[in-house]
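Take this structure first; my questions come after.
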Amino acid sequence: MPELPEVDTYRSYLAHNVLHKTIIGVEADFENYGRIFEASKLEFSSLEGESFEKALRYGKYCLLELSGERVLVLHFGMSGDVKYYKKGDPDPEHSAMVFSFQEGHKLAVISVRKFGKVILAESRQEFIETKGLGPDALSLDKEGFIEIMVAKRGRIKSALMDQTTISGIGNMYSDEILYHAGIKPDKKVNDFGKKDLETVYEKMISVLKTAIENGADSEKMPENYLIRRREAGAICGICGGKIKNIKIAGRSAYFCSKHQK
DNA sequence: AGTACCACCTGACGGC
DNA sequence: TGCCGTCAGGTGGTAC
């Protein structure tokens, strides 16, 4: 379920499969999935004859740049997926949108819980500005990160998850980052020193990169990652302490009660 | 500017 | 086997 690393695996899947292929059909199931579309049936149909030329990622969004000026933007909500398959094979379950390519394959945009979005934007920049997204977590340098965070109040976990502050981090990876940084998720950002922020930044980058390298597959992540044992009462893989679960801003936060302070 | 809560949906899982 | 409550890694809106 897609935070930045998962979306990056979708991006690379799309880059590998659907670029430079002429779109000859666009079917959007407005009857069942109307709420996820931010464009009309007619506007989607206007993609016929174009092709996807570039697959990019910004935060938790996947951007497919078209041969014309526009960009098709996918957001996966909590249950989205994409699948490339042979023409003639059945459409995957929960397909909200299906693109047909001239060369004989199809691309399905899948949405089980109907939480995602399919957006047709004028440009990458227009999209980012319209959504008010903060800088992508992986494009930030240390100075930029610190500058943004010193302006924040509230709790570190919430700050990391705020997409208008930094784009790409969700519930699970915010926990993972703070777990490696040794900082409790409910600690207030304004109590942080520069050193703490540097640590959070370094762990943010290393956790996200490690996750991408492992295809965002929790089973393949290093043994000492929280994701391998994300349940209350589990034993911490770093210090042997006990993993606890609390609610922060309505979200379920997991942390080690011993080494996170 | 934060936070707390509700809403949107479906599926998986545990308890009975 | 089935029914029921609860929970899930997403965002967006409200009211305080």
Side-chain angles (χ1 to χ4, degrees), chain A residues 1-10 29-38 57-62 73-82 92-97 109-119 127-128 130-134 136-137 147-179 185-192 204 207-208 210-212 214-221 225-234 243-255:
Chain A
M1 316 310 113
E3 298 181 42
L4 187 153
E6 288 86 355
V7 177
D8 207 74
T9 65
Y10 295 158
D29 182 353
F30 272 82
E31 198 179 322
N32 295 305
Y33 297 92
R35 60 188 308 279
I36 78 169
F37 299 128
E38 290 187 11
R57 183 194 55 68
Y58 191 96
K60 300 177 193 171
Y61 293 86
C62 189
V73 183
L74 304 178
H75 186 276
F76 299 96
M78 279 166 62
S79 60
D81 203 353
V82 283
E93 256 196 300
H94 312 293
S95 292
M97 200 165 183
V109 177
I110 297 162
S111 178
V112 179
R113 289 171 66 183
K114 304 176 181 173
F115 278 2
K117 287 281 177 228
V118 182
I119 302 157
F127 161 73
I128 293 165
T130 306
K131 290 284 172 194
L133 296 174
D136 181 82
E147 194 183 320
I148 288 170
M149 295 307 278
V150 294
K152 296 292 286 183
R153 303 282 168 266
R155 299 185 273 205
I156 181 64
K157 179 177 172 68
S158 303
L160 287 173
M161 287 175 64
D162 180 351
Q163 302 302 296
T164 66
T165 304
I166 300 172
S167 211
I169 298 166
N171 198 32
M172 203 177 67
Y173 283 98
S174 59
D175 282 355
E176 191 71 59
I177 291 161
L178 295 171
Y179 176 77
D186 63 353
K187 198 169 167 192
K188 296 271 181 39
V189 184
N190 42 327
D191 293 337
F192 279 39
M204 172 179 85
V207 163
L208 294 176
T210 301
I212 289 173
N214 290 295
D217 181 344
S218 59
E219 308 274 295
K220 292 184 187 148
M221 301 288 260
Y225 266 49
L226 178 63
I227 197 171
R228 302 293 300 266
R229 53 190 86 206
R230 201 166 183 276
E231 56 184 322
I243 303 300
K244 284 195 176 166
N245 173 236
I246 53 171
K247 291 272 179 216
I248 295 181
R251 308 305 302 278
S252 196
Y254 292 84
F255 67 100

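Each chain gets a letter, A, B and so on, in the order its sequence line appears, and its residues count up from 1. The shown structure was predicted, so the numbers you read here are calculated from the model rather than taken from an experiment.
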Separation of dC9(B) P from Glu93(A) CD (nearest whole Å): 19 Å
Categorize Lys117(A) for me: base, sugar-phosphate, or nothing, with a 4.0 angstrom heavy-atom threshold over every strand shown. nothing
Without swapping roles, check the side chain of Gln163(A) against the backbone of Gly134(A) for a donor-acceptor pair under 3.5 Å. no
Under 3.5 Å on both distances, the Watson-Crick or G-U partner of dC9(B): none
When rounded to whole Å, the CD to P distance for the pair Glu3(A) and dG9(C) reads 9 Å
Side-chain atoms of His94(A) come closest, of dG10(C), dT10(B), dG2(B), to dT10(B)
Are dC8(B) and Phe115(A) stacked, with the base six-membered ring and the side-chain ring centres under 5.5 Å apart and planes under 30°? yes
Of the options dT11(C), dA1(B), dA8(C), whose atoms approach the side-chain atoms of Ser252(A) most closely? dA8(C)
Does Arg251(A) have a side-chain nitrogen or oxygen under 4.0 Å from the phosphate oxygens OP1 or OP2 of dG10(C)? yes
Separation of atom NZ in Lys247(A) from atom C1' in dG9(C), rounded to whole Å: 12 Å
Centre-to-centre under 6.0 Å for Tyr61(A) and Phe127(A), is that the case here? yes
Would you say that Thr210(A) contacts Tyr225(A) through its side chain, given a criterion of any heavy-atom pair below 4.5 Å between the two side chains? yes
Ranking dT10(B), dA1(B), dG9(C) by distance to the side chain of Arg153(A), first place goes to dA1(B)
Heavy-atom donor-acceptor pair, Glu6(A) side-chain to dG9(C) base, under 3.5 Å: yes
Against Asp175(A), only a single residue in Arg229(A), Lys244(A), Lys157(A), Arg251(A) fulfils salt bridge (Lys or Arg N to Asp or Glu O under 4.0 Å); can you say which? Lys157(A)
Quick one: Met78(A) CE to dT10(B) P, roughly how many Å, whole number? 14 Å
Nearest-neighbour nucleotide for the Lys131(A) side chain, dG12(C), dG2(B), dG9(C) considered: dG12(C)
For a quick check of understanding: with a heavy-atom distance under 4.0 Å over all strands, which category does Gly154(A) fall into, base, sugar-phosphate or nothing? sugar-phosphate
Have a look at Arg155(A) and say if it touches a base, only the backbone sugar-phosphate, or nothing, with a 4.0 Å heavy-atom cut-off. sugar-phosphate
Please report the distance, rounded to the nearest Å, between NZ in Lys114(A) and P in dG11(B). 9 Å
Side chain of Arg155(A), backbone of Pro185(A): donor and acceptor closer than 3.5 Å? no
For Ile36(A) and dT10(B), what is the distance between atoms CD1 and P respectively, to the nearest whole Å? 12 Å
Looking at Lys152(A), does any N or O in its side chain come under 4.0 Å of the phosphate oxygens OP1/OP2 on dA1(B)? no
Between dA8(C) atom P and Ile248(A) atom CD1, what is the distance in whole Å? 13 Å
In whole Å, what is the span from the CE atom of Met172(A) to the P atom of dT11(C)? 13 Å
